[in-house]
Amino acid sequence: MWRRVSSLTQFVSPTKSSSILNQVSLIHVYACTFLYGFDSSIYIEDLGIIHYTDTQLAKFFFFHVLSGGPGSGKGTQCEKIVETFGFKHLSAGDLLRREIDSKSEYGSMILNTIKDGRIVPSEVTIKLIQKEMESSDNKKFLIDGFPRCEENRVAFEQIIGAEPNIVLFFDCPVEEMVKRVLNRNQGRVDDNMDTIKKRLKVFEALNLPVVNYYAEKGKLHKICALGTEDEIFEQVWPVFAACKQVI
Ligand SMILES: Nc1ncnc2c1ncn2[C@@H]1O[C@H](COP(=O)(O)OP(=O)(O)O)[C@@H](O)[C@H]1O
Ligand SMILES: O=c1ccn([C@@H]2O[C@H](COP(=O)(O)OP(=O)(O)O)[C@@H](O)[C@H]2O)c(=O)[nH]1
Ligand SMILES: [Mg+2]
């Protein structure tokens with residue numbers, strides 16, 4: 001049985017970079033004695049997470065992130081991107097909902113967090129994403145709805161050791177997002193007015209700084225999320241088509 005660290009927050013805190021470096025290199029040394037399963041990856045028993053080697057990252061990862069408020073159309077566009085460009089779609093929200101349904105040890109905590117429109121602790125979400133990455137034959141990933149905050153982003157980059165190649169941001173007016181979420185009809189516990197208000201606040205306060213971070217790095221593609229699904233995909237398509245030789 002793997003033991004979990006209680007929280008990765010201090011482990012990945014951007015304000016403690018020197019101690020992060022120490023801990024990461026300590027993990028490297030420690031991990032050498034716990035080589036599990038995957039060819040060149042190192043399974044760190046104590047954390048239950050995998051730290052990838054550079055060689056593995058090079059052949060393994062090409063991934064994009066889709067960001068945008070609730071109801072901005074991320075999931076809908078992901079389906080079209082997958083159909084056209086053949087990515088493996090990793091929806092953080094879907095993975096968390098699946099975890100609730102599986103009645104795992106984190107299920108009730110995740111449910112309460114989602115109901116309240118808050119963000120699930122990074123280590124839980126990253127572990128789910130990582131598990132999907134590991135079990136996928138397809139090594140081109142489309143991550144939908146993650147990272148949701150700076151802490152998510154830093155934790156992911158520390159653990160996985162890579163940044164997304166491209167980030168798409170679906171820019172949608174609040175009234176339209178609210179209308180779409182209220183009409184979504186998927187029986188979600190968070191698609192109600194009370195939770196939507198909280199999610200929108202969280203989006204503005206925590207998700208937008210991540211969007212700005214990627215914009216400063218020149219990785220952000222802003223998509224106008226108003227219009228029909230096909231009209232929106234007309235803006236999305238060229239972004240992926242432009243890097244088709246790599247993907
Ligand atoms: N361009 C669009 N115009 C109108 N409704 C849309 C559009 N794109 C998606 N929808 C609908 O809006 C709702 C939210 O879309 P979804 O893709 O789930 O958004 P997100 O994943 O960003 O929350 C869904 O019911 C979807 O069918
Ligand atoms: O990385 C993530 C993704 C989702 N969530 C939670 O799951 C909910 C639903 O996320 P999803 O991406 O499915 O919502 P969408 O934006 O697509 O409506 C969010 O409000 C959060 O409470 C989270 O905590 N971390
Ligand atoms: Mg979605």
Side-chain angles (χ1 to χ4, degrees), residues 37-41 49-99 101-102 125-148 152-153 156-157 159-172 180 184 186 188 207 210-211 214-215 217-247:
F38 314 105
D39 274 357
S40 48
S41 59
I49 56 174
I50 300 163
H51 190 83
Y52 298 101
T53 64
D54 289 346
T55 327
Q56 186 176 42
L57 279 174
K59 66 174 181 196
F60 197 72
F61 287 111
F62 194 88
F63 72 98
H64 304 295
V65 163
L66 269 75
S67 189
S72 59
K74 302 180 292 296
T76 306
Q77 292 300 317
C78 275
E79 283 175 24
K80 290 177 177 292
I81 298 166
V82 165
E83 222 172 83
T84 314
F85 295 100
F87 282 86
K88 165 84 176 166
H89 179 198
L90 300 176
S91 159
D94 285 351
L95 292 174
L96 291 168
R97 282 183 285 275
R98 202 169 77 189
E99 196 67 6
D101 292 342
S102 77
T125 314
I126 293 170
K127 215 166 141 182
L128 296 175
I129 293 175
Q130 193 170 39
K131 215 163 116 193
E132 288 295 299
M133 284 178 152
E134 276 301 328
S135 62
S136 170
D137 291 334
N138 186 347
K139 303 302 179 197
K140 301 185 314 184
F141 301 104
L142 192 59
I143 303 186
D144 164 7
F146 179 95
R148 219 100 179 168
N152 272 176
R153 178 187 68 74
F156 187 85
E157 284 167 17
I159 292 169
I160 303 291
E163 279 203 8
N165 308 79
I166 287 174
V167 180
L168 263 65
F169 170 56
F170 290 84
D171 190 21
C172 194
R180 289 184 191 175
R184 182 151 45 187
Q186 290 175 356
R188 280 174 48 170
N207 202 331
V210 181
V211 170
Y214 287 128
K217 292 206 115 189
K219 294 195 171 191
L220 194 83
H221 295 257
K222 192 161 145 183
I223 305 291
C224 167
L226 273 180
T228 65
E229 293 174 13
D230 285 343
E231 282 167 350
I232 294 162
F233 191 62
E234 275 173 30
Q235 300 171 64
V236 170
W237 185 87
V239 175
F240 287 87
C243 52
K244 208 161 179 237
Q245 69 280 13
V246 199
I247 61 177

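Across every non-hydrogen atom of Phe87 and Leu142, the tightest pair is CB-CB, 3.9 Å. In plain terms, the two heavy atoms of Pro147 and Asn152 that are nearest each other are CB-CB, 3.5 Å. Across all their heavy atoms, Val211 and Ser67 have their closest contact at CG2-OG, 3.6 Å. A pairwise comparison of heavy atoms in Ala225 and Arg180 identifies O-NH2, 2.8 Å as the closest pair.
Inter-residue side-chain proximity for Met133 and Ile143 is flagged as met; some heavy-atom pair is nearer than 4.5 Å. In this structure, Glu79 and Glu229 have side chains that are not in contact, with every pair of non-hydrogen atoms separated by 4.5 Å or more. Between Phe170 and Ile232 the shortest side-chain heavy-atom distance falls below 4.5 Å. Looking at heavy atoms from C-beta onward, Thr125 lies in side-chain contact with Leu96 at the 4.5 angstrom threshold. Annotation: side chain of Glu132 is in contact with side chain of Lys88 (closest heavy-atom distance under 4.5 Å). Inter-residue side-chain proximity for Tyr214 and Ile166 is flagged as unmet; no heavy-atom pair is nearer than 4.5 Å. Put simply, the side chain of Phe146 reaches to within 4.5 Å of the side chain of Ile126, judged on heavy atoms. In this structure, the side chains of Val239 and Leu168 come closer than 4.5 Å at one or more pairs of heavy atoms.
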ask   = Please walk me through it: do Phe156 and Ile129 pass side-chain contact (heavy atoms from CB on, under 4.5 Å)?
value = CA-CA 10 Å; Phe156 187 85; Ile129 293 175; 4.1 Å; yes
inquiry  = Walk me through whether Leu66 and Ile81 qualify under side-chain contact (heavy atoms from CB on, under 4.5 Å).
reply    = CA-CA 11 Å; Leu66 269 75; Ile81 298 166; 4.1 Å; yes
task = Walk me through it: do Gln130 and Ile160 pass the test side-chain contact (heavy atoms from CB on, under 4.5 Å)?
result = CA-CA 8 Å; Gln130 193 170 39; Ile160 303 291; 3.7 Å; yes
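Separating the CD atom in Glu134 from the NZ atom in Lys139 is a distance of 6.0 Å, to the nearest 0.5 Å. Separation of atoms CD (Glu157) and CD1 (Ile159) is listed at 11.0 Å; rounding is to 0.5 Å. Rounding to the nearest 0.5 Å gives a distance of 9.5 Å between CD of Glu231 and SG of Cys224. Here the straight-line distance linking atom CD1 of Ile223 with atom CG of Asp171 works out to 10.0 Å at 0.5 Å rounding.
Distance alone, capped at 3.5 Å, is enough to place a donor-acceptor pair between the Lys74 side chain and the Gly68 backbone.
With Phe169 as the aromatic partner, Lys222 does not meet the cation-pi criteria of under 6.0 angstrom to the ring centre and within 45 degrees of the ring axis.
Using a cut-off of 4.0 Å between Lys/Arg side-chain N and Asp/Glu carboxylate O, Asp230 and Lys80 are scored as salt-bridged. Taking 4.0 Å as the cut-off between side-chain N and carboxylate O, Glu99 and Lys131 do not count as a salt-bridged pair. With respect to Arg97 and Asp94, a salt bridge is recorded, a charged nitrogen being found less than 4.0 Å from a carboxylate O.
Using the six-membered ring where Trp is involved, His64 and Phe240 have ring planes that are perpendicular, over 60° apart on the 30 and 60° scheme.
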